[in-house]
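As structure tokens, the structure follows; a few thoughts come after it.
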Amino acid sequence: MRYLGRTLLHAILLLAGVSILCFLFTEMAPGSFFDELRLNPQVSPETISALRSRYGLDQPLIVRYGRWVRSAARADFGYSIAYNAPVAPLLWGRAKNTLLLTTTGMLLTWLISVSLGVWLAARRGRMLDQAFRIASSFVISIPEVVIAVALLAIVVRWRLLPMSAGPLNGEGISFWNHLRDLAIRMLLPVTILVFVESAIIVRHVRASVLEVLGTPFVQAAHSFGISRARVLFRFVLPAAASPAIALFGFSLAGLVSGSLLIEVVCGWPGLGPLILEATLSRDFYLVIGGIMLSALFMVGGNLIADVMLLAADPRIRTGALDAR
Amino acid sequence: MDRSTENLLRIQGLGVTYSQPNGESLRALDEISLQLRSGEVLGILGESGCGKSTLAHAIIGLLPRHAKTDSGEILFHDRDLLRLSETDLRQIRGCGISMIPQEPELSLNPVMPVGAQIAEVLRAHLPLTSKERRQRVTDLLWEVGFDQPARICNVYPHQLSGGQRQRIVIAQAIACEPAVLIADEPTSKLDGPLRSEIADLLSGLRQKRATAILVISHDLALMTELADRVAVMYSGRIVELGTRREMFLRPFHPYTHALLQLAQSSLITVPGAKQRFPQIEGEPANVVALQAGCRFEPRCPERMSMCVTHSPQEVAPEPSRSVSCFKYGE
Amino acid sequence: MANSFPTTELNHAYVRVQGLSKGYVCGGRWCRRVPTAAASEIDFEICAGKTLALVGASGSGKSTVARCVTRLERPDAGQIWLDGQDIAQLRRRDLVSVRPKIQMIFQDAVTSINPRFSAAEAIEEPLRIQGKSRSERRSIAEAAMQEVALPPAGLDRSVMEFSGGQRQRLAIARALTTRPKLLVLDEAFSGLDLSTQAQIANLLLDLQAAHALTYLLISHDLALVSNMADTVAVMAYGRIVEHGGTQQIVTDPKHEETRKLLSSAKAAQSQLARRAGASA
């Protein structure tokens, strides 16, 4: 219990720290939202300073931070200058799309990775295993963006999928058509996500399972006549779970931030393009809001992973692994 | 049929070869023949590398992939275990023939409570309800010497001491009341008082349930406590076989004689100046580079010229005793 | 030397330990860690060329004492006089000149030697630290192999190809390269077959006679120890409860712990005698 309390405290401190750093960095980045306006001779300096004070940009940083924290406590995360709308609903609208993509991707990735990892561990050293090792090294070393663009190019060149852009809300079409449309649009980005993430996760799962397969207690389980399937599910996987759970935490943590580039490349209307745009135009509160959301997921994901680890490995619970 | 005289387990001419990654083969077991009767304890005495663990694994059919049984048969209740399918073998493992694994520290699943691990063995073989299983686990824990079985059920392996873990593993092995128990080095990782406890536990099992036990160990003292008959192994062969009493009173084979001398001298003698231990010269035979002759010959204090070129066959100089040595004829 | 300890002429005590204490802070929750004394107020001495056996049940603190004497750990209190110098609180820098004099042989030769090394690499490791040249290292390694009755031709074989007993010999060879005066053997015999134990024990006895080595032998096996040791110290719960010559301890034990250890060893002996009788 104390362990959890400590972790929670760390999480809160972390979020606070991130918010401070956010403010500092966006402030330190050269330029502001109104720079373009300033270049426009038709806009008077008074208008600009009026706009600035309207958005509170003329106040010192500390004051701005204090105000932000106070309103954040009321779930008001400020205003986006570009969209002239409150930040929170704007973020959330896009975040939903992103989450749709990433949760689907995550589920598929994990299903595939765990099965593939276990299967490969059992076939260690044989042809398929070797082939996989080479292929995954390849995939891991290539930047995600390059893979995304490459696959996009293939899809477009051979017209494999109909490309459409625009909002996902599917007004005016039937439910099934909407679903079908959604699925088609998700296909490419999800494939890229799964492709890239699986390469890493399969390797870790494989290594971890391999290690457990060689242990005496698995041999002992076999020697008592327990069926192979049961040995796998009740003995091998639980013991091999810990490293995978840590990775799962990372997956969770990256639910909001992990697909940014892919969304931009594939034209998926999620958080990615929004935050990119906001950063480029110095849309102050939108940027901060986006980063905080991402940080929240990150912290939450790790917290969940910690809880899961606690549940999965009794040695952590009883402090047996805390050597001197 | 009188159960006590029927041969529960009969091994005839068993041979096992390991193929090394460098292409060479190791003959780990050669012409092994043994019988085990119900309620009897047969000790396999031998040192590291003699093949005793290979024998244990060969019996339950869990040899590593690069090992092959190339001759002989293992008859359990008149069924040849070497010809059975994996499914049939799995039914026998844990239920007909059960092995107590070597290293109790590592033979338990670290993330599962020990009670559940015992229950897994029950689940694999017996059609019990979960309530019955729980009851049986409690009974088993009681039987292997835990005073508070209910508490121990939910404990994890790392919360137990080495001796306690050994007991859990024994509980797993006897869970389904096997007819044959194979104890692979049951006491080598334990010290003094624990050893006697485990030995008592095992002999208690033999008395209560008429389980036949195959004890594999390098510990001669353990053999004297437990075994009815003893087979001495050296370099993949059985060099002597006989009743415990006869064997240690009048050992035939030079190797047995040397082992006995060692065991007796390493005990507390009246200390004077520091004494050297009577040692057997040389290293255990490198099983790969086999000459034609007796495997013990390079280290034998009584070797003769024919021991180099010929391999001794098994002879029986007395009833119920056998030895493979040229001292006793060809 | 300010730290020098006046040595008696007659029995030159090569190692003298006084008031050695070492505790650990283990387990417990964040602000309530409990300090435990693993060893307290340990006093003993070993004369040059002699063997002291430190015996006791597991958990009695023997290994802690061994680790302090070899300065793998720094004791909390007390003095360790080695050849007239107190090494108990020396800093790492100052220990560099002391380390060659003390070597340790561990329990499991499988884990105390890097299995990826060749025999030569394993034995030459301390020499490499000392900065000896390649040919020097090789010749010292070959001499060391011969001392432990291993064929020098095996120097280039991988450590994994050696058996347990042979690996323990490699560990001894490695220890001998620095020309130590004190050898600490921490359960160096457990896990070995009886005949291998005999060989290693005989080897150690021969080496002791040849090089006037001093041994600190740590074991739970009183039987083995009674043949090898001049003096015995019995430990229980972190303290030495009885201390004296081997003969005296074995024939006339005073403390309960000593009697307990003796009786379990004797039980095995009497059983073997009873059931086996004298061999032909």
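What you see below is based on every heavy atom in this structure, not just the backbone, and it leaves out hydrogens, waters and symmetry mates. All of these numbers come straight from a predicted model, not from anything done at the bench. In what follows, every chain begins at residue 1, and chains take the letters A, B, ... in the order their sequences are listed.
For the pair A/I226 and B/V121, the tightest heavy-atom approach, listed with the atom from each and the gap, is CD1-N, 4.4 Å.
Contacts between B/A173 and chain A at a heavy-atom distance below 4.5 Å involve backbone atoms as well as side-chain atoms. Looking at B/P101, the atoms closer than 4.5 Å to chain A (heavy atoms on both sides) all sit in the side chain, from C-beta outward. Contacts of B/I60 with chain A are made by side-chain atoms alone, with heavy-atom separations under 4.5 Å and no backbone atom involved.
Note on B/Q117, B/H57, B/R123: by heavy-atom pairs under 4.5 Å with chain A, the leading option is B/R123. Taking B/S107, B/A124, B/G94 one by one and counting their heavy-atom pairs under 4.5 Å with chain A, the maximum is reached by B/S107. Ranked by heavy-atom pairs under 4.5 Å with chain A, the first of B/E120, B/R90, B/Q91 is B/E120.
Residues of residues 215-224 of chain A lying under 4.5 angstrom from chain B, judged on non-hydrogen atoms, are A/P216, A/F217, A/Q219, A/A220, A/H222, A/S223, A/F224 in numerical order. Listed in order of number, the residues of residues 231-246 of chain A that approach chain B to under 4.5 Å between heavy atoms are A/R234, A/F235, A/P238, A/A239.
Taking a 6.0 Å sphere around CD of A/E211, one finds it holds 12 or fewer heavy atoms contributed by other residues, nucleotides or ligands.
Side chains of A/R228 and B/E86 form no contact here, defined as non-hydrogen atoms less than 4.5 Å apart.
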